[in-house]
Amino acid sequence: MATAGYAQGRVGGSTLIQTAAYAIGAVFLLVGILGFIPGITTDYDMLSWAGHHSGAKLFGLFNVSALHNIVHLVFGLAGLAMARSRAGARTFLIGGGVIYLALWIYGLLVDKDSDANFIPVNNADNWLHLGLGAVMVALGLLLPAGGGSGMAAGSPQRGRPEGRRQARHARHGHAH
């Protein structure tokens, strides 16, 4: 039964946590690529390797540099690779979320015009890092890893008609 898979945290051949890690990894990869495309990244001619001097902005909103874009690409590839296992997916979501929450704190504390702002970040980046970090940690902690519910994939769920029928057969000594 298809609903049994969802109850166990499975979508297709992957668990929900793996699907979330794949999706977030793919978005990071896409953002990393888009950061190198003029037009999508405004003031592309002002893109620098690193630092607060980079005047390029992804979607005209988020400060980016070549280093920033490369970090997104690497993070995306790591997410796709780690999503191949349930434990890896959970580690990527929680660990990556903690990294982005740390980036949020860094963005709040760093002087935007100092050399310490090497990533670079602006207020839009800070809010994005907060939201992204919180969502990643929440997904990593709350999504089921799959297979832990005690039911085999496809087995009937308590309260569903096929589950009652099997329970009735078991009470009356009928083998299945």
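Hydrogens, waters and symmetry mates are skipped; everything else that's a heavy atom, side chains included, is used. Residue numbers count from 1 along this sequence.
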May I ask whether [X] and [Y] are part of the same hydrophobic cluster, defined by side-chain heavy atoms of I, L, V, M, F, W, Y residues being less than 4.5 angstrom apart, directly or through others?
X: Met136; Y: Leu142; result: no
X: Trp127; Y: Val137; result: yes
X: Leu47; Y: Trp49; result: yes
X: Leu132; Y: Leu30; result: yes
X: Leu130; Y: Ile24; result: no

If you round to the nearest 0.5 Å, how far is [atom2] of [Y] from [atom1] of [X]?
X: Leu139; Y: Thr19; atom1: CG; atom2: OG1; result: 11.0 Å
X: Tyr106; Y: Asn126; atom1: OH; atom2: CG; result: 10.0 Å
X: Tyr44; Y: Leu58; atom1: OH; atom2: CG; result: 11.5 Å

State, to 0.1 Å, how close [X] and [Y] come at their nearest heavy-atom pair, and which atoms those are.
X: Ala50; Y: Leu67; value: CB-CD2, 3.9 Å
X: Ser54; Y: Ser65; value: OG-CA, 3.7 Å
X: Gln18; Y: Ala89; value: CA-CB, 3.8 Å

With a cut-off of 3.5 Å and sequence neighbours excluded, list every side-chain donor-acceptor pair involving residues 90-105.
residue	atom	partner	partner atom	Å
Arg90	NH1	Gly140	O	2.2
Arg90	NH2	Leu143	O	3.3
Thr91	OG1	Ala87	O	2.9

Who pairs with Asn63 by side chain to side chain donor-acceptor pair (under 3.5 Å), at least two apart in sequence or on another chain?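 In terms of side chain to side chain donor-acceptor pair (under 3.5 Å), with neighbours along the sequence ignored, Asn63 is linked to Asn122.
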Enumerate, atom names and distances included, each donor-acceptor pair closer than 3.5 Å involving a side-chain atom of residues 32-43, sequence neighbours excluded.
residue	atom	partner	partner atom	Å
Thr41	OG1	Leu34	O	3.0
Thr41	OG1	Gly35	O	3.1
Thr42	OG1	Lys57	O	3.1

So Phe59 and Phe62, would you call those rings parallel, tilted or perpendicular, with 30° and 60° as cut-offs? perpendicular
Does any part of the side chain of Leu128, heavy atoms only, come nearer than 4.5 Å to the side chain of Leu61, both counted from C-beta? no
